[in-house]
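Numbering of ligands and ligand atoms starts at 1, following listing order.
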Amino acid sequence: MSGGKKPGFGKQLAELHRWNGWLVVVLAASGLLLSWGAARGWLGGGRVWVKQLHIYIGLVSAILLVMYAPLMRKHLKQLRQRPRQRGNLGFVLLLLIGWLLSGIVLWQFRHLPPRWASNALLVHDLLSWVGLPYIAYHSIVRLRWLRKPERRAIRPDEREGSEADGSGGRSPGIHPAARPQPWMTRRQFVKWSVGIALTAAVAPSFFRWMGKSVIGTGLPGGMADGEDANRMLPAPQPLPDSVNVVGGGAKGSYRVYTVTKLPKFDSANWTFTLDGLVDRPGRWNWQQFLALNRRVQVSDFHCVTGWSVYNNTWEGIPLAQLLAQAGVKPEARYVKFYSGDGVYTDALSLEQASMDDIMVAVLHDGKPIHRDYGGPARLIVPRMYGYKSVKWLVRIELIDTPHVGYWEERGYDIDGWV
Ligand SMILES: Nc1nc2c(c(=O)[nH]1)N[C@H]1C(S)=C(S)[C@@H](COP(=O)(O)O)O[C@H]1N2
Ligand SMILES: [Mo]
């Protein structure tokens with residue numbers, strides 16, 4: 001290059017590549033941590049910080065893309081005769097741009113319709129399932145010792161070549177062609193082994209995820225079933241609207257969330273309590289609880305992390321009915337909800353709690369709510385984000401001071417309006 005002070009083209013590319021590599025490592029680590037359901041409990045409030053970090057680093061990676069844009073044309077030209085490396089470059093660029101755009105939607109979900117967020121989450125996850133193993137493969141097989149210098153995709157300029165890539169000044173193109181070729185070189189062997197090992201490690205969970213999130217989308221079901229760990233007898237008798245699943249069947253699928261070990265309930269000792277600042281506190285066993293009047297309601301369910309499940313047919317006891325029966329004392333200001341997991345709680349103001357679509361649900365699409373999804377009874381607050389919908393609900397208490405719920409204490413908005 002003509003001798004200005006600017007670093008040469010090859011050096012610029014190498015720098016960008018190095019920075020991008022490190023950002024991807026941090027993004028992958030934080031992203032995996034965020035999506036790992038079991039980490040929700042011990043990560044606690046740290047989750048909100050990890051999420052902020054993930055967003056900021058993601059935005060920094062956008063700067064790298066912008067810096068790369070003016071170099072791209074020349075880079076592509078340099079790779080003219082290397083279709084595979086061009087393919088790699090194109091794929092990685094698509095990944096980065098896809099992650100960035102879907103990430104921006106997820107970051108700004110509050111200003112966008114929920115369907116955007118759930119589609120963005122799907123894209124973000126899909127790209128991660130495909131992209132992370134690909135990038136892992138790419139970084140392993142391009143380790144210096146595996147690579148012939150003349151085959152590197154990013155090469156310092158001819159002039160700087162000898163110092164920069166440590167190839168000892170060996171000019172590209174000179175090949176130890178005289179040596180007989182084994183049927184498979186060490187490099188090929190390592191590449192294939194790495195590729196097969198990564199695929200084998202990721203494929204099973206990937207297909208399980210596909211089945212649930214991609215194929216599951218649009219199919220009725222919502223909650224996957226399988227053996228229910230709860231033993232609640234008798235099963236609640238569904239009302240006609242529940243039997244007929246008036247909502248047409250839930251669309252989308254729930255992700256099982258918990259901050260504790262999944263609890264387990266038995267009708268022999270399960271109880272439901274309504275107490276605090278009420279005239280007539282109550283405690284019901286399972287049979288008594290099933291004798292309370294229920295209603296059927298169709299609503300959508302949105303989680304702040306981006307996924308939604310549409311057209312749920314819930315059957316349960318309206319919260320307003322429970323409160324009216326108990327007689328709320330004038331000094332009561334808030335309603336606090338306790339999960340039978342012993343840890344999770346949330347609260348609503350009395351005014352919020354009077355919304356007529358809030359219920360303590362026992363049936364979903366005509367079937368008892370499965371243990372994993374909060375059965376035998378869970379709260380449903382359709383107009384607020386999912387974290388308000390306390391699973392394994394066992395107690396409602398009326399109080400006169402605000403209560404900060406589990407996720408609110410860890411950074412979520414107290415006011416959870418969708
Ligand atoms: N007891 C309890 N209730 C909970 C949670 C939880 O971790 N524990 N997670 C909340 C959040 S953030 C969401 S989005 C929904 C998820 O419900 P699901 O696990 O049935 O998908 O439950 C809410 N209620
Ligand atoms: Mo959530």
Point to revise | Option among Ile135, Val130, Leu96 that satisfies the side chain to side chain contact (heavy atoms under 4.5 Å, CB included) test with Phe91 | key: Val130
Check your understanding: Of all the atoms in ligand 1, which lie at a distance below 4.0 Å from a heavy atom belonging to Val256?
Key -> 19 (O)
Review point. To the nearest 0.1 Å, how far is atom 10 (C) of ligand 1 from its closest protein heavy atom, and which atom is that?
Key: Tyr344 OH, 3.5 Å
Practice item. Give the residue, atom name and distance (to 0.1 Å) of the protein heavy atom nearest atom 3 (N) of ligand 1. Key: Lys391 N, 3.0 Å
Check your understanding: Between Trp270 and Phe289, is the gap from one ring center to the other below 6.0 Å?
Key -> yes
Review point. Just how far is it from atom OG of Ser139 to atom OH of Tyr137, taken to the nearest 0.5 Å?
Key: 11.0 Å
Practice item. Look only at interatomic distance and state if Tyr254 has a nitrogen or oxygen under 3.5 Å from any nitrogen or oxygen of ligand 1. Key: no
Study note, to complete from the structure: Under 4.0 Å between heavy atoms, the region of Val259 that gets near ligand 1 turns out to be both
Exercise for review: List the closest protein heavy-atom neighbour of atom 24 (N) of ligand 1: residue, atom name, distance to the nearest 0.1 Å.
Suggested key: Ser389 O, 2.9 Å
Review point. With backbone taken as N, CA, C and O and side chain as the heavy atoms from C-beta onward, which portion of Tyr338 lies under 4.0 Å from ligand 1: side chain, backbone, both, or neither?
Key: neither
Exercise for review: Identify, for atom 7 (O) of ligand 1, the protein heavy atom at the shortest distance, and state residue, atom and that distance.
Suggested key: Thr258 CA, 3.3 Å
Practice item. Verify the distance criterion only: is there a donor paired with an acceptor across the side chains of Thr345 and His403 at less than 3.5 Å? Key: yes
Exercise for review: Around atom 20 (O) of ligand 1, find the nearest protein heavy atom and jot down its residue, atom name and distance.
Suggested key: Arg378 NH1, 2.8 Å
Check your understanding: Between Tyr387 and ligand 1, which part of the residue brings a heavy atom under 4.0 Å of the ligand: side chain, backbone, both or neither?
Key -> both
Check your understanding: Does at least one non-hydrogen atom of Tyr385 fall below 4.0 angstrom from an atom of ligand 1?
Key -> no
Exercise for review: Give the residue and atom name of whichever protein heavy atom lies nearest to atom 21 (O) of ligand 1, and the separation in Å to one decimal.
Suggested key: Arg255 O, 2.5 Å
Exercise for review: Indicate, as side chain, backbone, both or neither, the part of Trp307 found under 4.0 angstrom from ligand 1 when only non-hydrogen atoms are considered.
Suggested key: side chain
Review point. Is the Tyr254 to Trp307 ring centre distance short of 6.0 Å?
Key: yes
Study note, to complete from the structure: Note: ligand 1 atoms sitting under 4.0 Å from heavy atoms of Ser339 are 1 (N)
Check your understanding: What distance separates Trp417 CH2 from Lys388 NZ, expressed to the nearest 0.5 Å?
Key -> 9.5 Å
Check your understanding: Of all the non-hydrogen atoms in the protein, which one sits nearest to atom 23 (C) of ligand 1, and at what distance?
Key -> Gly386 O, 3.2 Å
Check your understanding: By number and element, which atoms of ligand 1 are closer than 4.0 Å to a non-hydrogen atom of Asp341?
Key -> 1 (N), 2 (C), 8 (N)
Review point. In terms of side-chain geometry, is the basic nitrogen of Arg371 or Asp228 positioned less than 4.0 Å from the acidic oxygen of its partner?
Key: no
Review point. Is there a side chain to side chain donor-acceptor pair (under 3.5 Å) between Thr273 and Asp275 once you walk through the steps?
Key: CA-CA 6 Å; Thr273 307; Asp275 61 357; 5.8 Å; no
Check your understanding: Do Lys336 and Tyr338 have a side chain donor and acceptor closer than 3.5 Å?
Key -> yes
Point to revise | Trp99 and Ser128 side chains, donor-acceptor separation under 3.5 Å | key: yes
**Study point:** ligand 1 atoms in contact with Phe301 (distance to a heavy atom under 4.0 Å)
**Key:** 15 (C)
**Study point:** Atom indices of ligand 1 within 4.0 angstrom of Cys303 heavy atoms, with elements
**Key:** 14 (S)
Practice item. Test the Lys391-Tyr257 pair against the cation-pi criterion, namely NZ or CZ under 6.0 angstrom from the six-membered ring centroid and within 45° of the ring axis. Key: no
